[in-house]
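We count ligands from 1, going down the list as the structure has it; atoms in each ligand are counted the same way.
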Amino acid sequence: MNMVNYKELGLVNTKDLFKKAIEGKYAIPAFNFNNMEQMQAIISACVETKSPVILQVSSGARKYANQTLLRYMAQGAVEYAKELGQNIPVVLHLDHGDSFELCKSCIETGFSSVMIDGSHLPYEENIALTKKVVEYAHANGVSVEGELGVLAGVEDDVVAEHHTYTQPEEVVDFVTRTGVDSLAISIGTSHGANKFTPAQCTRDENGILIPPPLRFDILEEIEKQIPGFPIVLHGSSSVPQEYVATINKYGGALKDSIGIPEDQLRRAAASAVCKINIDSDGRLAMTAAVREVMATKPGEFDPRKYLGPARDELKKLYAHKTVNVLGSVGKA
Ligand code: G3H
Ligand code: 13P
Ligand code: ZN
């Protein structure tokens, strides 16, 4: 396997993007992808709204898509954006890296940013692992995201039943001893499409479920400890109910699907939160569109006839996020 540096692929790291995002009170979208249609939708939406973008790949997605193909897809994404008329900044980021070896391998195959997620480890082990990744990454100009605190829900194969909120008194020690470029925190978001049970929610006058608010008090305390330091929010899908309804209308069986309200994310984006991770909403958009075609056009068997509408729906969703949720519109 030939080593390749991200700069050769036309990618950028997160340094300048995060600095501008904090100053400008918006957040950069980090959209997960693992196939061509998702990548096309992300790039075309971000070009159209002139937004910088973080293309995010989990270790499972990397295995699924193949590391060599991914490198060329990321390079293709940069060229595709130019062809569409906007040279937007594109980051290729490893999501939830769980070992030094995986981070090193990604850095050697063109990633411009990696997350080392030691949040499930004892504190000192998280520091040691994160620091080791930072040393290798920085020698190659690659940015590193670390994590403190544990989100409830499923992250790759790790399941946590309850949130362990980030402890503000740990963050100064963690960021200074590790040298990370950004810090993912736990303030009440979680992965997947079932972020809250109905019992955790209240109802408004129309009977719509309102989830408990994010812990902005913890976020504010963290910002006081590390002023101006880039903060990352995982688990930030809003789980649009129209997608859930379409999926269930056409044979799906999603139950109690509840996400983070968009106004909560807009509030977070205006703070030191400068990267917001969204995966599940894309999965829902794609599944809703595919199910609708499958159910309403049973004679259809050309994949372009269901992946095409899925791609169109994804593009709409991503454009909506940059304009109405993250505020990254026009910041490329
Ligand atoms: O945080 C997890 C991301 O949504 C990626 O999910 O590991 O199923 O690719 P995945
Ligand atoms: P969602 O499951 O809320 O989309 O979160 C995605 C994420 O945090 C990827 O790291
Ligand atoms: Zn995540």
Next item on the list: Look at the aromatic rings of H96 and H191 and report parallel, tilted or perpendicular, splitting at 30° and 60°.
Entry: perpendicular
Next item on the list: Show which atoms of ligand 1 fall inside a sub-4.0 Å distance from at least one heavy-atom site of N32.
Entry: 3 (C), 5 (C)
Margin query: Suppose we measure from atom 9 (C) of ligand 2 to each protein heavy atom; which comes out shortest, and what is that distance?
Written below: D95 OD2, 3.1 Å
Note to self: Taking 4.0 angstrom as the limit and counting only heavy atoms of D95, give me the atoms of ligand 1 inside it, by number and element.
What the structure shows: 1 (O), 3 (C)
Checklist line | atom 8 (O) of ligand 2 - nearest protein heavy atom and its distance | finding: G235 N, 2.7 Å
Note to self: Does D95 form a side-chain hydrogen bond (donor to acceptor under 3.5 Å, both in side chains) with N32? I'd like the steps, not just the answer.
What the structure shows: CA-CA 8 Å; D95 192 22; N32 289 69; 3.0 Å; yes
Note to self: For T49 and T322: C-alpha separation, side-chain torsions, deciding distance, then whether side-chain hydrogen bond (donor to acceptor under 3.5 Å, both in side chains) applies.
What the structure shows: CA-CA 7 Å; T49 60; T322 67; 2.9 Å; yes
Notebook entry, point to check: Any non-hydrogen atom of S58 lying under 4.0 Å from ligand 1?
Noted result: yes
Next item on the list: Give the residue and atom name of whichever protein heavy atom lies nearest to atom 7 (C) of ligand 2, and the separation in Å to one decimal.
Entry: H191 CD2, 3.3 Å
Notebook entry, point to check: What part of K63, side chain from CB on, backbone N/CA/C/O, both or neither, has a heavy atom under 4.0 Å from ligand 1?
Noted result: neither
Next item on the list: Determine, using ring centers only, whether F31 and Y318 are less than 6.0 Å apart.
Entry: yes
Next item on the list: Could you list the atoms of ligand 1 found under 4.0 angstrom from a heavy atom of D279?
Entry: 3 (C), 4 (O), 5 (C), 6 (O)
Checklist line | Salt-bridge contact R177-E124 (side-chain N to carboxylate O under 4.0 Å) | finding: yes
Check: Can you check whether H234 has an N/O within less than 3.5 Å of an N/O in ligand 2?
Finding: yes
Next item on the list: Heavy-atom distances under 4.0 Å are what count here, so tell me which part of H234 touches ligand 1: side chain, backbone, both or neither.
Entry: neither
Next item on the list: For S280, take its heavy atoms, then give the atoms of ligand 2 lying under 4.0 Å from any of them.
Entry: 1 (P), 2 (O), 4 (O)
Next item on the list: List every atom of ligand 2 that sits less than 4.0 Å from any heavy atom of H96, numbering the atoms from 1 in the order shown and giving each element.
Entry: 10 (O)
Check: Does M115 have a non-hydrogen atom less than 4.0 Å from ligand 2?
Finding: no
Margin query: Before you tell me yes or no, could you show the steps for Y306 and E292 under side-chain hydrogen bond (donor to acceptor under 3.5 Å, both in side chains), namely the whole-Å CA-CA distance, both residues' side-chain angles and the distance that decides it to 0.1 Å?
Written below: CA-CA 9 Å; Y306 48 86; E292 182 163 359; over 6 Å; no
Next item on the list: Given side chain to side chain contact (heavy atoms under 4.5 Å, CB included), test L265 with L326 step by step and report yes or no.
Entry: CA-CA 7 Å; L265 297 167; L326 291 97; over 6 Å; no
Checklist line | Name of the H234 atom (N/O/S only) found closest to the Zn ion (ligand 3) | finding: ND1
Note to self: So, of the N/O/S atoms that H96 has, which is the nearest one to the Zn ion (ligand 3)?
What the structure shows: NE2
Check: What is the nearest protein non-hydrogen atom to atom 3 (O) of ligand 2, stated with its residue, atom name and distance?
Finding: K195 NZ, 2.5 Å
Next item on the list: Heavy-atom contacts with N32 under 4.0 Å: which atoms of ligand 2 show up? List them by number with element.
Entry: 9 (C)
Note to self: Under 4.0 Å, heavy-atom basis, I'd like to know which part of A193 is in contact with ligand 2: side chain, backbone, both or neither.
What the structure shows: neither
Check: Judged by modelled atom types alone, do R62 and S105 share a side-chain donor-acceptor pair under 3.5 Å?
Finding: yes
Item checked: Proximity flag M115 to ligand 1, non-hydrogen atoms under 4.0 Å -> no
Check: Would you call the rings of F174 and Y123 parallel, tilted or perpendicular, where under 30° means parallel and over 60° means perpendicular?
Finding: tilted
Item checked: salt_bridge(E145, K275) N-O dist < 4.0 Å -> yes
Item checked: Working for side chain to side chain contact (heavy atoms under 4.5 Å, CB included), residues I210 and C201 -> CA-CA 5 Å; I210 310 291; C201 303; 5.6 Å; no
Checklist line | Numbering as shown, the atoms of ligand 2 that approach I278 to under 4.0 Å (heavy-atom distance) | finding: 4 (O)
Notebook entry, point to check: Do S328 and S51 meet the criterion of a side-chain donor-acceptor pair at a distance under 3.5 Å?
Noted result: yes
